[in-house]
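Structure first, commentary second.
Read the numbers this way: they start at 1 and go in the same order the structure lists the ligands and their atoms. Computed from a predicted model, the values in this text were never measured in an experiment.
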Amino acid sequence: MSAPIKLKALTKSIWVFHAACSPCNNCDIEILDALTPRYDLERFGIQLVGSVRHADAILVTGMVNRKVVDRIKRVYEEAPKPCVVVAVGGCACSEIIFRDSYNACGPIDKIIPVDAYIPGCPPKPEAIIMGVVKLVKALRGEK
Ligand code: SF4
């Protein structure tokens, strides 16, 4: 089945908002690395934006704790729909070592709907690019 028209439109030039939910910052550094000219994520039309109100996708990093859980919900609510959510790194995907921590409220897919997962601690820029390309293909309805 092909993807709905609105989702297909997202594959042309995805603007992404980066939401850091108390990460150690290594995942964030790898996301920024993927955007540098060396890895050049912008060649796929992907651009980082400063406001979630301009975003087509939200990249979430880190373990969602009690302090940020309401904020990430609000970030998702403020994003124009349709909006895709990508969990970047083991903390966002499955909480890894922080699972069962007294302060853990995640993983992120328990808080907001997640469309793609990019595991790793941290994932390399190549893995982030592969995850984003797979997401774009899925949105286009390609295999
Ligand atoms: S997945 Fe690893 S690198 Fe990423 S925020 Fe968690 S601990 Fe840090």
ask   = Can you tell me which residue and heavy atom of the protein come closest to atom 2 (Fe) of ligand 1, and the distance to 0.1 Å?
value = C121 SG, 2.3 Å
Identity and distance of the protein heavy atom lying nearest atom 6 (Fe) of ligand 1 = C91 SG, 2.3 Å
query = Closest non-hydrogen protein atom to atom 8 (Fe) of ligand 1, residue and atom name please, with distance?
reply = C24 SG, 2.2 Å
query = Rounded to the nearest 0.5 Å, how far does CD1 of I58 lie from CD1 of I112?
reply = 5.5 Å
task = Using a cut-off of strictly less than 2.8 Å, determine whether C27 has an N/O/S atom near atom 4 (Fe) of ligand 1.
result = yes
query = Should E78 and R74 count as an ion pair when the cut-off is N to O under 4.0 Å?
reply = yes
request  = Mind checking the NZ-CD1 spacing from K134 to I118? Nearest 0.5 Å is all I need.
outcome  = 10.0 Å
key: Interfacing atoms of ligand 1 (cut-off 4.0 Å, heavy-atom, G120)   = 1 (S)
query = Just which atoms of ligand 1 are under 4.0 Å from any heavy atom in P23?
reply = 5 (S)
key: Sub-4.0 Å atoms of ligand 1 with respect to non-hydrogen atoms of N26   = 3 (S)
key: Separation of L35 CG from L48 CG (nearest 0.5 Å)   = 5.5 Å
ask   = Distance from C91 atom SG to I96 atom CD1, nearest 0.5 Å?
value = 4.0 Å
Quiz item: cation-pi between K81 and Y76, 6.0 Å / 45° = yes
